[in-house]
Amino acid sequence: MKDILRAFLATLLAVLVYSLAGGAGPMLLVVLNAFSVVVLYFSVRRGEVFGAFLGTACGLVQDSFSLGVFGVGGLTKTLLGFWAGFVSRRIDVAPFFRNGLFMLVMSVLEMILWVLVTAVVRRESLNFHGGLILLQPLVTALLGSSLFAVERRFRARGSRGA
Amino acid sequence: MPLWENRRSVLILAGLAAFNILLISIQIPRGAEKSLFERSIFFLYSPVQRAVTGAVRGLGSLWTNYFDLRGVRGENQQLKKEIFFRDQDVRFLEDRLRFFQSEAKVRESLAAFRGTIVPARVIGADSANPYQTIVLDKGSLDGIGKDMAVCDRFGNLVGRTIAPVSLKETMVQLITDKDSSVSVVSAVDRLTGSVTGKSGAFCELRYVLASASGGQPGEELLTTGYDKIYPAGLRVGSIRSLEKDESSPIFRRIVVEPYFRFNTIDIVAVITKAGGGE
């Protein structure tokens with residue numbers, strides 16, 4: 001129950017980040033996908049089922065703020081959550097660089113899937129914003145792995161204090 | 001039961017994927033009304049977005065108002081508001097004069113036009129492609145509905161309101177969106193066509209016959225009002241380049257640079273009633 005509440009708050013936080021990024025500049029929205037970071041973080045923490053549910057929720061929230069086809073984000077993030085949770089249960093993704101690489105691979109897979117689904121649904125080529133969109137997985141991986149690193153540091157400090 | 005226990009996660013994934021695919025498939029072909037589910041999610045989360053933007057702006061203005069000169073700030077805001085309306089008036093006057101109307105008629109149109117502007121703040125951009133939509137902090141309670149023209153503070157066309165329109169938030173389809181279409185006429189050579197977005201910084205002027213003469217880079221494009229959404233005479237953009245379209249021998253390929261600047265649209269004007277086409 002606590003995790004569901006945390007995931008809900010994290011989704012709200014993603015909406016907050018998305019709102020701030022939209023105000024700061026349109027190009028920031030292209031490179032920064034806060035919803036993906038939330039889905040990746042909780043999928044690694046809680047596993048594939050939780051990740052898939054959270055992916056659906058986050059993807060649909062993201063879709064509701066977009067004129068694109070409603071459900072494309074939901075589908076891609078559902079699969080992202082599932083994959084991330086599934087793989088992280090089978091290999092150790094705790095070390096910083098491995099974590100970063102893992103998130104990068106997951107984000108790239110999500111982007112490929114998003115591009116494919118959007119191309120099929122809309123039957124036209126996508127706007128890659130001069131290649132800027134390709135930075136999105138990199139930024140997502142960097143933010144996600146940094147989030148884990150910060151959390152680890154806090155936990156270590158907490159356990160030393162105790 | 002054993003199947004559920006063994007393959008629980010895969011079955012859940014399949015269920016969720018099927019749910020999303022169902023959502024996607026009910027919207028194909030595109031152009032149908034937004035589903036109740038999608039509208040509900042927008043209604044649920046748009047106040048969060050509004051609150052966040054409001055809180056950030058509130059904190060910013062708290063800092064500015066209390067640590068800066070309060071009186072000057074207030075006066076400045078008032079002046080900005082007046083300039084905003086003045087700009088709209090001037091732009092509208094210019095556009096009407098361009099259509100060779102008499103001054104009396106211009107004033108008459110302007111009086112009717114002025115009462116129909118609702119200023120609104122931009123509180124968000126499209127989460128997938130920023131050139132598709134923006135979200136405004138005014139909604140149905142402020143008299144905003146679907147299919148109303150939206151201009152920036154200089155009177156340049158930004159887009160039109162689309163569903164969902166909630167009580168205090170509205171989504172705007174930008175003219176740069178690839179599903180957007182605006183009926184326009186060029187100011188000098190009177191080329192008529194339809195400006196369609198490309199989900200990027202530039203638009204395209206479509207349906208101008210290859211045999212049509214005229215059209216110069218830099219020539220201004222104005223709305224015609226034929227589409228019954230955008231009032232006639234609003235400034236849309238200027239022609240950036242004209243080329244022969246290799247893929248279509250019938251039409252010319254004309255790239256248009258919209259006048260509105262994405263980075264500077266913080267306040268916009270929603271025209272709640274069309275001033276009437278020509």
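Below, chain A is the first sequence line, B the second, and so on; all start at residue 1. These numbers were taken from a predicted model, which means no experiment stands behind them.
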Report task. Classify the side-chain pair A:S36/A:T140 by whether it contains a donor and acceptor separated by less than 3.5 Å. Result -> no
Query raised in the report: Just checking, is any N or O donor in the side chain of B:N20 or A:T78 under 3.5 Å from an acceptor N or O on the other one?
Result: yes
Does any backbone or side-chain atom of [X] lie under 4.5 Å from a heavy atom of chain B? Answer side chain, backbone, both or neither.
X: A:E48; result: side chain
X: A:V61; result: both
X: A:V72; result: both
X: A:Y18; result: side chain
X: A:F53; result: both

Report summary line: Taken to the nearest 0.5 Å, the spacing of B:D177 CG from B:K198 NZ works out to 13.5 Å
Query raised in the report: Cation-pi between B:R261 and B:Y259: NZ/CZ under 6.0 Å from ring centre and within 45° of the ring axis?
Result: no
Query raised in the report: Using 4.0 Å as the upper bound for N to carboxylate O, is an ion pair formed by B:R252 and B:E243?
Result: no
